[in-house]
Chemist: 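Got a structure here, written out as structure tokens. Questions coming.
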Protein chains: 2
Amino acid sequence: MAPRFARWLASTNDVTQGFLAAGGLPGLINLGGGLPAPELYPVEDLAEIAARVIRDHPQDCLGYGPVAGLPALRSALAARFAAPDRPLAADNVLITASGLQALDLLGKVLIDEGAEVAVQTPTYLGALDAFRTRMPAYRAVRMDVPDLDPGPLMAGAAFAYTVPNYSNPTGAQVPLALRQGLVAAAVATGTWLIDDDPYGSLFYDAAPLPSLRAFAPPDAPVVQVGTVSKELAPGLRLGWVIGPVRLIRALTMAKQGSDLCTSGLSQRIYLAALEAGLDARVGQAARALYRTRRDALAAAMERHLGHVLTWAVPEGGMFIWARGAVDTDQLALLAREEGVGVSPSSVFDPFGQDRGGLRLNFTLNPPEKLDEAARRLARALARMRGDEDER
Amino acid sequence: MAPRFARWLASTNDVTQGFLAAGGLPGLINLGGGLPAPELYPVEDLAEIAARVIRDHPQDCLGYGPVAGLPALRSALAARFAAPDRPLAADNVLITASGLQALDLLGKVLIDEGAEVAVQTPTYLGALDAFRTRMPAYRAVRMDVPDLDPGPLMAGAAFAYTVPNYSNPTGAQVPLALRQGLVAAAVATGTWLIDDDPYGSLFYDAAPLPSLRAFAPPDAPVVQVGTVSKELAPGLRLGWVIGPVRLIRALTMAKQGSDLCTSGLSQRIYLAALEAGLDARVGQAARALYRTRRDALAAAMERHLGHVLTWAVPEGGMFIWARGAVDTDQLALLAREEGVGVSPSSVFDPFGQDRGGLRLNFTLNPPEKLDEAARRLARALARMRGDEDER
């Protein structure tokens, strides 16, 4: 008898692995992933900090740590995200090995097979990956619909998942009134509401709107997920969940059976980086660099793609979301042949149906490469339209 | 409506969190966990290595890495575990964020709810935690039964889970004939066979018996799990799975949705430590230190507990497993009152029934503390027996 695998594996995709491997393809300009600009990593600072924290805190860095995270880091994050009228304590914070692990743990404690999950659509591909092993059913929620009442979409769901700030893939913000409406619906229905915020520090015009937690009464079923991947370095694999104590306790049980605890070395490095203001410095440099690149990609798209695709220039985040009357699954394949990696909308749709959108990353590549990428994408588009003309 | 949690949470325990937190109880001598001696951590070497690898490999250490691990580390581990007649390639290796994460990922790809899992019993508590979110049913396999035929216990199971070298909690080795029998049964039934080997480097008399892989034909459904926690430092959170390519591919899909990739910094530190022979040096020091402590605990038990408990002195690992005609759940509570942490057998039984055993760790504490711990445990035992006399 052939060994078997669990059922969810029949529905997997390796798109993310493709993004991460695309760096190895000779000549490919990768606009497909969501990778930061490596020149922003504060290499020398982090080398010095790593050696120092190992010497100063050997037990924290090298031994087993508490399942929920080092108390000093949990306290530091509670202080960072507290507001005068929204106090937070260390036991409102769970340290995770990345924002993605936070989503995996949330899936573990909130989803039983077949439970319904309301997701902002289009949505972060990694969230679909994280929830997949729990085999939920999805309710798609378009957050750009005016006067949307989220109540009926959330009632009876295991949770609602949103990326309110510069959403992945669209780059759009969830409007203020809808943020308030989502929180009110969470309180009214008892449905957990997840605010995944990897991009809040990457704003290029005004600062982002208030987080969902800002509207939530104490102990409301509202959860915020964060990560150091965008504000410092993804290689540390460090993230967090902020939420009611009863949820943090449940997540801690899941964490205990997932990897026991997060790297103490990464935790101590991040704590020292916070104390040195390194995250603020990297954030400022990232905003300046990425603003230029966003504008460069938008200008290149105007030059080469404006006749076929439409888009809004996002106020933050890492992506421009373009739409057009083309099959973007097919376009992404042709684009790769032309030497540019892009992400088709089907992978951001929980039902895999949407074929009219394209996600283009602007953070990884310098302006001249972004221009060349748009040029190559235009060639792929021309080939597709040529194919259509021939039919 | 109150927000809900997934069903598996009703069956959780926080024993492991208790182990990790016990270090904070004033005066408690903690024999309850499986913690290494912190004086073994090569602090200065690792501080120097950490700074160096960040400077030399900033992209590997600080950026996103491949989901399955850095190719250089996968290759190094393939070379380490290959044998002349058992070749291994990088794609037989998955890098994980700890041995426990390897078990979590194996549970994800092999267990559908209700699937039966054959576990060596008593078994590693963390494995039960890792599999719990998948809600398997268990078949208990006693590996100390002479002439056990594992075939019927494995047929139709999702997998069999064993710790053949110095098992947690018993410290016993799975006998050679049974190792061969387990592999033969895996091949015959098509049931995956997991060899979890955190303790293989901690031998105090002879080296351990050959691993299960040594008896497996190429591509057999046999899997080996390893960790750096015992041979270098748990705080790095680094482990691995070695197995057939089709399994590594499935696990990589699960890893993609669990935390995207393992800390590149930890991977580069471990690779540099391997190249410097640091793991071998720490292993040698650990064997010398722990041999003394094992003998000290055994001698202390002879002095204080020999009239009530029986045990075999283990040839390796971190624990002495003692049995007696006492309710060890109750004993563990009284022992804590007397100032010593121990682990009762019920937590190592997939059915939570066994009340006659006790796991005592000897790696964390020096001989004089081990003697005092045995003395305190004897006081707790005397109180229990006194209570019984009064009835």
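Every chain is numbered from 1, with letters handed out A, B, ... down the list of sequences.
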Chemist: Picking from B:A130, B:G264, B:A97, which has the most non-hydrogen pairs under 4.5 angstrom with chain A?
Modeler: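 Maximum pair count with chain A is reached by B:A130.
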
Chemist: I'd like to know which of A:I111, A:L110, A:I49 tops the heavy-atom pair count under 4.5 Å against chain B.
Modeler: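 Most heavy-atom pairs within the cutoff with chain B belong to A:L110.
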
Chemist: Just do the side-chain contact (heavy atoms from CB on, under 4.5 Å) check on B:L247 and A:F5 with the steps written out, would you?
Modeler: CA-CA 9 Å; B:L247 178 71; A:F5 291 109; 3.7 Å; yes

Chemist: So what's closer than 4.5 Å to chain B heavy atoms on A:A127: side chain, backbone, both or neither?
Modeler: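 Contact with chain B is absent: no heavy atom of A:A127 under 4.5 Å.
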
Chemist: Need one label for B:A115: side chain, backbone, both or neither, based on atoms under 4.5 Å from any heavy atom in chain A.
Modeler: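 Contact with chain A involves no heavy atom of B:A115 at all.
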
Chemist: Looking only at heavy atoms and a cut-off of under 4.5 Å, which of B:L103, B:L265, B:V109 has the most pairs with chain A?
Modeler: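 Heavy-atom pair counts peak at B:V109.
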
Chemist: Please evaluate residues A:M253 and B:L9 with respect to the criterion side-chain contact (heavy atoms from CB on, under 4.5 Å), reporting the C-alpha separation (whole Å), side-chain torsions for both, the decisive distance (0.1 Å), and the verdict.
Modeler: CA-CA 8 Å; A:M253 294 303 318; B:L9 273 159; 3.9 Å; yes

Chemist: Any side-chain heavy atom of B:W192 sitting closer than 4.5 Å to one from A:R4?
Modeler: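 A side-chain contact is absent here, since even the closest heavy-atom pair is not under 4.5 Å.
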
Chemist: Among A:A250, A:G63, A:C61, which residue has the highest count of heavy-atom pairs closer than 4.5 Å to chain B?
Modeler: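 Highest number of pairs under 4.5 Å: A:G63.
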
Chemist: Among A:S98, A:S263, A:A102, A:S258, which residue has the highest count of heavy-atom pairs closer than 4.5 Å to chain B?
Modeler: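 If we count pairs closer than 4.5 Å to chain B, A:S258 comes out on top.
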
Chemist: Heavy atoms only, distances under 4.5 angstrom: which of A:T96, A:I269, A:L62, A:I54 has the most pairs with chain B? Name it, please.
Modeler: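 Most heavy-atom pairs within the cutoff with chain B belong to A:L62.
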
Chemist: Heavy-atom distance under 4.5 Å between the side chains of A:D104 and B:D259, does that happen here?
Modeler: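 A side-chain contact under 4.5 Å is absent here.
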
Chemist: Yes or no on side-chain contact (heavy atoms from CB on, under 4.5 Å) for B:D129 and A:L260, after CA distance, side-chain angles and deciding distance?
Modeler: CA-CA 10 Å; B:D129 283 344; A:L260 209 55; over 6 Å; no

Chemist: Please give me the minimum heavy-atom distance between A:Y64 and B:G34, naming the atom from each residue.
Modeler: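 Where A:Y64 meets B:G34 most closely, the heavy atoms are CE1-O, 4.3 Å.
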
Chemist: What are the two closest heavy atoms between B:R237 and A:C261, and how far apart are they?
Modeler: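 Closest pair (atom of B:R237, atom of A:C261, distance): NE-O, 3.0 Å.
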
Chemist: Looking at A:P38, A:A233, A:A51, A:P234, which makes the most heavy-atom pairs under 4.5 Å with chain B?
Modeler: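 Most heavy-atom pairs within the cutoff with chain B belong to A:P234.
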
Chemist: Please check: side-chain N/O of A:R55 versus main-chain N/O of B:V43, any donor-acceptor pairing under 3.5 Å?
Modeler: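 No, the answer is negative, given that no donor and acceptor are paired below the 3.5 Å cut-off.
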
Chemist: Could you tell me whether the side chain of B:D112 and the main chain of A:R7 form a donor-acceptor pair under 3.5 Å?
Modeler: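 Pair found, side chain donor or acceptor close to backbone of A:R7.
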
Chemist: Any sub-3.5 Å donor-acceptor pair from B:W8's side-chain atoms to A:K108's backbone N or O?
Modeler: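 Confirmed, B:W8 side chain pairs with A:K108 backbone.
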
Chemist: Stepwise, does the side-chain contact (heavy atoms from CB on, under 4.5 Å) test hold for B:Q256 with A:L100?
Modeler: CA-CA 9 Å; B:Q256 175 182 301; A:L100 192 71; 6.0 Å; no

